[in-house]
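Every chain is numbered from 1, with letters handed out A, B, ... down the list of sequences.
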Amino acid sequence: MSLTLLLCSFLLIFRQSFSQETLFQLEHEEFLLGTLVEFKVIHDDFGEAQNSILQAVSEIQRIENLISPYIFSSEVYQINANPGKFVKVSSETLELCQKSCELAKLTNSAFEPTLGAVLEKWNFNALEPKKPSQEILDALVKKVGYSKIQFKNDSIKVDFEMKLDFGGIGKGFAVDKAILILKKNGIKSALINAGGDIFCFGKNSEGKKWKIGIKNPEKSDKNLGTVEISDFAVATSGNYERNFVENGIFYHHILNPKTGLPSQTCKSVTVLAKTCELADALATAIFVLGAENGIELVETLEKTEAFVVDGNGNLFFSKGFKDFGFSEGF
Amino acid sequence: MKRRNFLKNSFLALASVSFCQSGFAKVFEQKTSNFELSILTQNPELAKILVQTILKPFFPNKVLSFQEFFLPQKVVGDLVWVENFSLVNYKNQKTEIEKALFKVAQKLKLPSLQEKPTLIKISDLEHQKGSFAKVTSQSQGTKIFELNKDFQSEISGVTFEVKNNKIKILHSTCKHKICTQPGEISQTNEKLICIPNCVSIQIFGKVKNEFDAFTL
């Protein structure tokens with residue numbers, strides 16, 4: 001009886017102290033990394049939350065200025081512009097390049113950071129993109145390969161006709177760096193969403209795990225499903241982001257590094273992982289590997305899950321995916 | 001500076017205010033069942049402090065929506081208190097909340113002419129009826145539209161249509177028109193984005209399915 005009373009009073013005190021806490025949820029969005037980046041921060045101090053968002057925005061801008069192949073002053077632009085020469089880079093660019101090589105090795109080059117020259121030929125950002133000739137693609141694909149990147153201390157060198165492009169991992173990498181800033185500032189709960197590459201920690205405004213909808217690329221008013229996560233990342237790769245139709249054939253931006261052609265194995269791949277860079281890169285890799293090979297790879301990795309919609313619309317799940325509060329549809 | 005203004009314009013704060021059930025809070029619980037408070041001031045930082053210190057006992061166990069909008073013109077600033085869809089003149093000081101609002105207004109020296117003020121809107125999300133679309137343009141700031149009224153509008157080269165509680169982009173001046181492809185949206189936190197024109201459209205308010213974010 002006394003034990004029950006003791007337990008009840010403890011719960012009451014806890015509930016009371018918890019309920020006295022005033023939390024603010026701040027939302028902010030900014031166009032960064034070639035997409036809309038969304039920040040949600042839940043914290044007990046309005047000013048600290050506001051400053052932390054500003055710092056997170058600055059961090060993503062800083063990373064973008066280092067790794068974007070389209071910014072003249074970026075380190076990646078300079079590496080690509082100086083083939084055959086070692087270019088001194090920051091610790092962040094070096095870290096991203098080394099991690100990309102590790103992931104390329106893990107995925108047997110389904111994820112490749114050296115596809116820059118091939119993507120440049122496809123030019124999906126052009127007003128009227130056109131499929132490059134097979135001869136050009138064949139020649140460029142021969143130059144692709146993470147093992148050809150050379151490292152010397154804090155410098156990186158690429159071969160002639162090879163270009164780095166971190167499009168398959170850069171957003172995730174930048175999100176992870178921004179999350180580190182928020183955590184360092186003591187933020188209790190936050191979510192950063194860079195065009196579908198999401199990391200969240202703590203709890204949402206309802207005191208529950210963050211509820212993430214996985215969009216159905218073919219039916220805009222319906223979802224493929226929902227996951228509920230905390231201190232976890234989720235990223236999705238789909239063939240609907242940048243694409244065009246030429247002579248009745250659909251071409252999209254996720255290329256098979258071995259052929260230089262768009263991978264036709266999947267429609268959508270969603271990956272859950274402990275870091276956003278891993279989720280981002282694996283989503284791209286599985287898109288190229290295909291549903292069965294991709295799920296097989298994910299099953300060998302700890303705390304990593306995947307959900308794949310293959311080219312025929314069939315759904316594939318890794319064993320633990322549904323443990324993340326997955327509910328299908330609506 | 002431009003980015004800073006955009007940042008300021010697009011901050012949306014939801015304050016989850018929970019208090020212990022003190023007698024003071026209980027007395028006013030029924031009186032603040034459905035409200036919207038707007039403060040137009042050139043001193044938003046002081047306004048936020050006053051809201052937290054003077055007004056928060058009036059909002060027990062609520063989820064409050066805090067929104068900030070930067071206004072570039074010179075206008076007369078004041079407080080506007082709407083309760084149960086009726087405008088309440090706080091200057092009458094008949095109720096405790098009116099007295100508290102009067103105190104806030106005095107400290108902010110309102111009403112008076114305000115240069116480039118910030119509009120702070122605080123409302124009771126739990127009791128909001130219907131849902132809304134927040135349209136944010138990097139050059140034109142943020143505008144809020146109700147989804148229960150059908151109409152068409154244009155912001156920064158993006159033409160959008162609200163129909164049957166859904167919103168979609170009809171046309172955009174951008175190169176690839178990717179923003180027109182997703183079709184209509186109607187779920188909380190769903191977004192339509194036109195990256196070249198720096199326009200985002202987001203659903204918020206009370207709708208059937210509520211998500212914190214979407215991956216696509």
(Q) Need one label for B/Lys168: side chain, backbone, both or neither, based on atoms under 4.5 Å from any heavy atom in chain A. (A) neither
(Q) Between A/Asn216 and A/Asn223, is there a side-chain donor-acceptor contact under 3.5 Å, judged purely by atom types and distance? (A) no
(Q) For A/Lys209, which atoms come within 4.5 Å of any heavy atom of chain B: side chain, backbone, both, or neither? (A) backbone
Q.
Need one label for B/Ile195: side chain, backbone, both or neither, based on atoms under 4.5 Å from any heavy atom in chain A.
A. both
Q: Identify which part of A/Ile198 has an atom lying under 4.5 Å from any heavy atom of chain B, answering side chain, backbone, both or neither.
A: side chain
(Q) So, applying side chain to side chain contact (heavy atoms under 4.5 Å, CB included) with B/Ile169, which one of B/Cys179, B/Cys174, B/Pro182 is it? (A) B/Cys179
Q | Non-neighbouring partners of A/Pro69 that pass side chain to side chain contact (heavy atoms under 4.5 Å, CB included), sequence neighbours left out | A | A/Val76, A/Asn80, A/Asp165
Q | Pairs where residues 154-173 of chain B contributes a residue and the test ring-ring contact (aromatic ring centres under 6.0 Å, His included) is met, not counting sequence neighbours | A | B/Phe145-B/Phe160
**Q.** Under 4.5 Å from a heavy atom of chain B, the part of A/Ile214 involved
**A.** both
Q | Contacting moiety of A/Ala235, where chain B heavy atoms sit under 4.5 Å | A | backbone
Q: Ignoring hydrogens and angles, state whether a donor on the side chain of B/Glu154 or B/Thr159 is under 3.5 Å from an acceptor on the partner side chain.
A: no
Q: With a 4.5 Å cut-off on heavy-atom pairs, point out which of A/Cys200, A/Pro129, A/Gly207, A/Gly213 contacts chain B the most.
A: A/Gly213
Q) Is a side-chain donor-acceptor pair under 3.5 Å present for A/Asn204 with A/Ser189? A) no
